Each structure stands twice: as C-alpha cells, then as structure tokens.
Amino acid sequence: MLMPSPICVHLQCPFTSPLLGNPIRFKSNFRINHSKTQRASYAPNLPEKNDIVSNQKENNGLPIKENLDERTTKLGRRSLVDKIKALPSKEKTEIITSPELNGDLGTILEFNDMLWALLTAQEPDLALKLFDEMSSCGLVPDSWTFSIVIRCYCENKNLGEAERVLGYMLENGFRPNFSAVTVLLNSLSKKGKLQRAFGVLDIMDKIGLKPTVQTYNCLLKGLCYVGRVEEAFEMLVRMKKEAIVEPDIFSYTAVMDGYCKVGRSDEAVELLNEALEMGLAPDVFTFNTLFNGFCIEGRPLEGVKILKLMKEKDCKPDYISYSTLLHGLLKWRKTKTALRIYNEMLGIGLNVDKKMVNSLVRGLCTRSCKGRKEDLFEDAYLVFEKLKSDDDSVIDPSTYDLVIQALCMEKKTDEASVNLRKMIQMGFSPRMVTFNGVIQALCVEGKVIEALFVLASLNEGGRVPSRVCYSILIDELNRHGSTLGACYMYGAALKRGLIPSSKPQQ
DNA sequence: CTAGGGTTAG
C-alpha cells in the first residue's frame with residue numbers, strides 16, 4: 001500500500017506583519033497528510049485562502065450536535081482539562097506525544113479541543129508544542145487553532161509572538177476570535193505596552209470586532225499603569241460623552257486607582273462621587289483603592305472617613321480594606337485610630353497580620369511612655385497578651401523591648417522582669433536600655449537581689465553591662481548601706497573598663 | 001463568541 005508522502009508546509013511568510021513590520025516566521029512545519037484531509041492543492045509554502053475558507057466552512061457546516069462525542073461538549077472539555085491537571089508533570093508531556101494518551105486527534109475540532117484544554121490547564125508550553133507537531137496528526141490549523149495559540153503566547157508572556165500570529169492571521173484571511181484579541185490587548189496593557197495595545201484596538205475596529213467596556217477598561221488600566229492618568233481620565237470622559245461604551249464601576253475604579261497611585265486621592269474621590277451620581281454602585285475594590293490612596297498620601301484618617309461612607313453605601317469592608325487602613329494608620333502613627341480599627345477587625349473575626357499587631361503594640365507602648373497615658377498602656381498590654389496567646393504567635397524582639405520598658409515606666413516591675421526573662425528564654429537579646437530599665441525599676445522597689453540577678457543574666461548572655469547599669473546598682477547599694485556591695489560593683493565596673501557616675505559611700 | 005476587566009503591604 002502506497003501512502004502519499006506528507007507535504008511539508010512551512011508557514012513562513014514573505015510578507016510583513018501589519019503589526020510589527022517584521023516578516024512572519026513560524027517554526028512549525030505543518031505536514032499535510034492527504035490520505036486524511038483529502039485536500040487537493042496547496043501552495044508550496046502556505047495554505048491557500050480557499051482552503052482555509054473551505055476548512056472553516058467544513059467545520060461550521062457540521063451538524064454539530066450529532067457529531068460531537070462527549071469530549072466536545074462543554075462538560076467533556078472541562079473533564080479533559082481536569083484530567084490534564086491531575087496528571088503528574090511527566091505524563092503531561094506524554095499526552096502530546098503518545099496517541100494512546102491523547103486519544104484520537106483526527107479532526108481539527110478534536111485537535112483544537114486538546115489545544116484549548118492544555119491552555120486552560122495552564123500548560124501553554126505544551127499546547128504550543130502540540131501546535132508545533134500538528135503535522136503528525138495531519139491537520140491544518142484553522143482560526144480557532146491560531147486564536148488559541150495567540151492566547152498561549154499571551155499566557156507565556158511572549159507577546160511579540162502573539163502579535164506575530166495575529167498579523168499572520170490577518171494577512172491570510174483568518175478571523176481571530178474576540179477572546180484571543182481581547183487577551184492580547186489586555187496582556188499588552190498590563191505590561192504597559194500601550195502603543196501596541198492601541199494597535200490591537202485598531203485591528204478590532206478594522207475587522208469588526210466591537211470593543212466592549214471591558215476592552216476599554218483594560219486600556220484605562222494600562223494608561224494608569226504607565227502614569228498617563230490624565231489620558232485615562234480623558235478617555236473615561238470620552239467614553240461617556242461620545243457614547244462609545246457606557247463606563248461601568250470598573251472604569252471608574254481604574255482611573256481612581258490611577259489618581260490614587262500618584263497621590264491625587266481627592267480627585268479620585270471626585271470620580272467616586274461622579275460614579276455615585278451616575279447610579280453606579282462602588283464596590284469593595286473601589287473603596288480599597290481609595291484607602292490605599294489616602295494611606296500612601298499620609299492621610300489615613302481621610303481613609304477612615306471613607307470607611308464610614310463605605311458602610312453607609314452598604315458595601316462591606318473586607319480584609320484588604322482593614323489591612324490597608326491599619327497599615328496606613330500605623331505607618332503615620334495614628335495609634336489610637338489604629339487600635340480602634342484593630343478591635344473592629346477582631347470584632348468581625350478577621351485575622352490581623354502579626355507584623356501589624358506588633359507594630360500596634362509598639363506604637364501604644366511608645367505613646368503611653370511619652371504621654372504617660374495609663375489607659376493606652378493597658379490597651380497595649382491587652383493587645384500584647386492576646387498576641388502572645390495566639391497559636392501562630394509571632395513576637396518581634398523590639399516589641400518585647402518596648403513592652404518591658406513600658407512596664408517599668410508603669411511600675412509593673414514584676415511583670416517587667418518576668419517578661420525580660422521570657423524574652424531571653426526565647427533566644428532574644430534585649431536592648432541595654434531594657435536591662436537598665438528593669439534593674440532601675442527593681443532597685444526603686446528595693447529589690448536589689450533581683451536586680452543583681454538581672455545583671456547576672458546580662459553577664460551570662462555574654463553581654464557587657466553599661467555604665468548606667470553599675471551606677472544604678474551602686475546608688476541603690478549605697479542607699480541600703482551596703483558599702484561593701486557598692487565597692488564590689490564599682491570594682492566590677494572598673495574591671496570592665498567602665499567608670500560609673502556613682503561612687504561607693506565612704 | 002469555547003473569554004474577557006479590578007483593590008494591600010511588610
């Protein structure tokens with residue numbers, strides 16, 4: 001039996017891409033098996049337009065319902081995707097090389113399904129590899145094939161290649177589908193390749209794919225991303241005024257975010273009001289964008305006002321809302337408000353990031369020490385105790401330091417020394433001021449022996465006590481009439497090369 | 001149209 005030898009169809013085009021001005025060049029060879037495709041004539045290098053058209057007609061003309069097996073139904077496709085996902089990565093590669101695994105890819109419909117399934121299963125590389133090996137299945141790519149390939153390249157971040165395929169399609173009478181073009185436009189926008197994204201928009205216009213509001217929103221995002229906020233705003237205005245598409249809340253959020261990112265949150269709020277006037281319902285994304293803006297700008301309290309507005313508009317703040325605000329409040333030292341937000345988060349069962357809780361504790365300690373505000377310290381200690389009792393407790397050494405110092409300041413000496421010990425147990429090295437504070441506090445309460453123990457723990461840790469440390473102890477020993485002890489301390493200091501400011505009493 | 005848009009940060 002004589003089999004016709006496969007013809008190699010090199011998809012290399014002599015023309016230039018309308019997109020790039022570069023020659024199109026595909027690596028793949030499409031070998032057409034005549035026994036299967038029954039196609040009569042091919043140009044030596046390219047599929048001809050007529051063939052392409054007939055190929056498509058053939059597919060579209062099929063009485064689809066009867067001819068589709070379970071794989072070509074929506075559910076069947078989905079299960080193919082799931083199957084691919086479930087495969088170990090080794091076998092994933094095999095699916096495109098072994099016919100037993102990939103089943104019969106005899107028709108272009110089935111082939112495209114497999115391509116699509118690989119793309120959907122986040123395996124664009126495999127899909128492209130399969131596309132490369134179309135020849136062995138004896139198939140010619142159609143519009144669907146190319147559309148999927150474009151999306152594969154977008155997924156791969158190989159946008160230049162995606163544009164090249166699109167250019168090839170246009171030159172050869174293939175009609176890219178909406179999704180491929182949209183994905184490409186979006187990918188380009190996301191990367192800030194605005195000129196090329198607008199190029200795709202032009203193409204959509206030329207081939208009669210009507211951009212939707214989503215399409216424009218991608219461009220708005222892209223413009224903002226590269227800092228062209230003003231242009232984004234103008235585009236938003238044009239969308240509305242010239243009734244190109246009706247802007248939705250995504251459009252507004254995109255431009256608002258643009259303003260927020262460059263420190264123009266007030267203008268973002270103006271846009272919010274405009275959206276509200278238009279009857280659009282701002283959602284959690286819209287508000288979160290504003291929180292972020294005000295926090296970046298150093299106006300977190302404005303953000304808290306927006307939180308109130310958000311609730312009035314029946315929009316439920318989420319973890320990001322609170323985290324953004326809390327972070328901003330802590331950063332800009334709005335400690336009391338931060339505490340309020342923290343408690344509100346706990347109240348609705350949100351888990352607060354441990355770093356922020358640490359920061360809150362430190363903020364409260366610092367403020368209570370500076371302002372001698374006892375109630376603030378109580379708050380700090382409550383937050384600290386809760387932090388310690390959490391299962392996934394993470395305590396920063398600097399938090400420990402500040403809590404201990406604040407405890408000393410508040411004359412909670414025993415607790416201070418307990419926490420100091422715990423801190424050392426945990427392998428942290430307390431700051432010298434912390435040691436000094438505890439020693440001082442103990443001395444003030446007349447607990448000299450304990451103070452000496454603290455000094456000892458300092459030595460055990462291989463640390464050199466500071467001059468202040470000795471001075472405090474000498475003063476205290478003097479006060480107790482223990483000249484001997486004071487002399488001993490003085491000597492110990494001198495031995496370390498430190499000259500205490502206090503001397504033993506004569 | 002087998003698809004497609006967004007928000008935090010240390």
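Just so it is clear, the values below take in all heavy atoms, side chains as well, and ignore hydrogens, waters and symmetry mates. If you're wondering where the values come from, they're calculated on a predicted model, not measured in any experiment. Every chain is numbered from 1 and lettered A, B, ... according to where its sequence line falls, protein lines coming before strand lines.
- Within the 4.0 Å cut-off from OP1 or OP2 of B:dA9, at least one side-chain nitrogen or oxygen of A:Asn292 is found.
- For the pair A:Leu220 CG and B:dT7 P, the computed distance is 13 Å after rounding to whole Å.
- Nucleic acid contact class of A:Thr289 (heavy atoms, under 4.0 Å, all strands): sugar-phosphate only.
- For A:Asn177, whose side chain is taken as the heavy atoms from C-beta onward, the closest listed nucleotide among B:dT8, B:dC1, B:dT7 is B:dC1.
- Regarding contacts with the backbone of B:dG4, every side-chain N or O of A:Asn186 stays at 4.0 angstrom or more from both OP1 and OP2.
- Summarising the geometry, the separation between CG on A:Leu119 and C1' on B:dA3 is reported as 10 Å, rounded to the nearest angstrom.
- In this structure, of B:dA9, B:dC1, B:dG4, it is B:dC1 that holds the atom nearest to the side chain of A:Leu209.
- We find that the ring of A:Phe291 and the base of B:dT8 do not stack by the test of centres under 5.5 angstrom and planes tilted less than 30°.
- Sorted by first and then second residue, the pairs that involve residues 284-297 of chain A and meet salt bridge (Lys or Arg N to Asp or Glu O under 4.0 Å), not counting sequence neighbours, are A:Glu297-A:Arg299.
- Among residue pairs with one or both ends in residues 284-295 of chain A, those qualifying as side-chain hydrogen bond (donor to acceptor under 3.5 Å, both in side chains) are A:Thr253-A:Thr286, A:Asp283-A:Thr286, A:Asn288-A:Asp318, A:Asn288-A:Ser321; sequence neighbours excluded.
- In this structure a side-chain-to-backbone donor-acceptor pair under 3.5 Å is present from A:Arg175 to A:Ile207.
- Between the P atom of B:dG6 and the CG atom of A:Asp318 lies a distance of 16 Å, rounded to the nearest Å.
- Ion pairing of A:Glu155 with A:Arg151 is absent here, as no side-chain N (NZ or NE/NH1/NH2) approaches a carboxylate O to less than 4.0 Å.
- Within 3.5 Å, no donor on the side chain of A:Asn288 pairs with an acceptor on the base of B:dG6, nor the reverse.
- Every residue meeting the side-chain hydrogen bond (donor to acceptor under 3.5 Å, both in side chains) condition with A:Asp396, not counting sequence neighbours, appears here in chain and number order: A:Ser398.
- Remark: P of B:dG6 and CG of A:Leu223 are 15 Å apart, rounded to the nearest angstrom.
- Among the atoms of the strands shown, none is found under 4.0 Å from any heavy atom of A:Lys354.
- Taking 4.0 angstrom as the limit, A:Lys221 places a side-chain polar atom (N or O) nearer than this to OP1 or OP2 of B:dT7.
- Residue A:Trp116 places its side chain closer to B:dT2 than to any other of B:dT2, B:dC1, B:dT7.
- Set against B:dA3, B:dA9, B:dT8, the side chain of A:Ile320 has B:dT8 as its closest nucleotide.
- Residue-environment remark: NZ (A:Lys157) stays at or below the threshold of 12 foreign heavy atoms within 6.0 Å.
- Partners of A:Tyr400 according to the ring pair (Phe, Tyr, Trp, His ring centres under 6.0 Å) rule, which considers only residues two or more places apart in sequence or in another chain, are A:Phe384.
- Interface residues of residues 233-255 of chain A facing DNA chain B, ordered by number: A:Asp248, A:Phe250, A:Thr253; criterion, heavy-atom separation under 4.0 Å.
- Between A:Tyr319 atom OH and B:dT7 atom P the separation is 18 Å, expressed in whole Å.
- Within 4.0 Å of A:Thr286, counting heavy atoms only, lies at least one base atom of the nucleic acid.
- Taking the salt bridge (charged side-chain N to carboxylate O under 4.0 Å, His left out) definition, one finds that A:Arg340 meets it with nothing, sequence neighbours left out.
- In this structure, A:Phe178 places its CZ atom 8 Å from C1' of B:dG4, rounding to the nearest Å.
- When the nucleotides B:dA9, B:dG4, B:dT7 are ranked by their closest atom to the side chain of A:Asp257, B:dT7 comes out on top.
- Judged by distance alone with a 3.5 Å cut-off, a donor-acceptor contact links the side chain of A:Thr212 to the base of B:dG4.
- Among the nucleotides B:dG6, B:dC1, B:dA3, the one closest to the side chain of A:Asp283 is B:dG6.
- Distance A:Leu329 CG to B:dT8 C1': 13 Å, rounded to the nearest Å.
- Across all strands, A:Lys261 comes closer than 4.0 Å only to sugar-phosphate atoms, never to a base (heavy-atom distances).
- Nearest to the side-chain atoms of A:Lys190 among the listed nucleotides B:dT8, B:dA3, B:dG6 stands B:dG6.
- For A:Lys355, the side-chain atoms get nearest to B:dG10 when compared with the rest of B:dT2, B:dG10, B:dG4.
- A:Leu307 is listed as a side-chain neighbour of A:Ile341, based on a closest heavy-atom distance under 4.5 Å.
- One atom, CG of A:Asp142, and another, C1' of B:dT2, lie 12 Å apart when rounded to the nearest Å.
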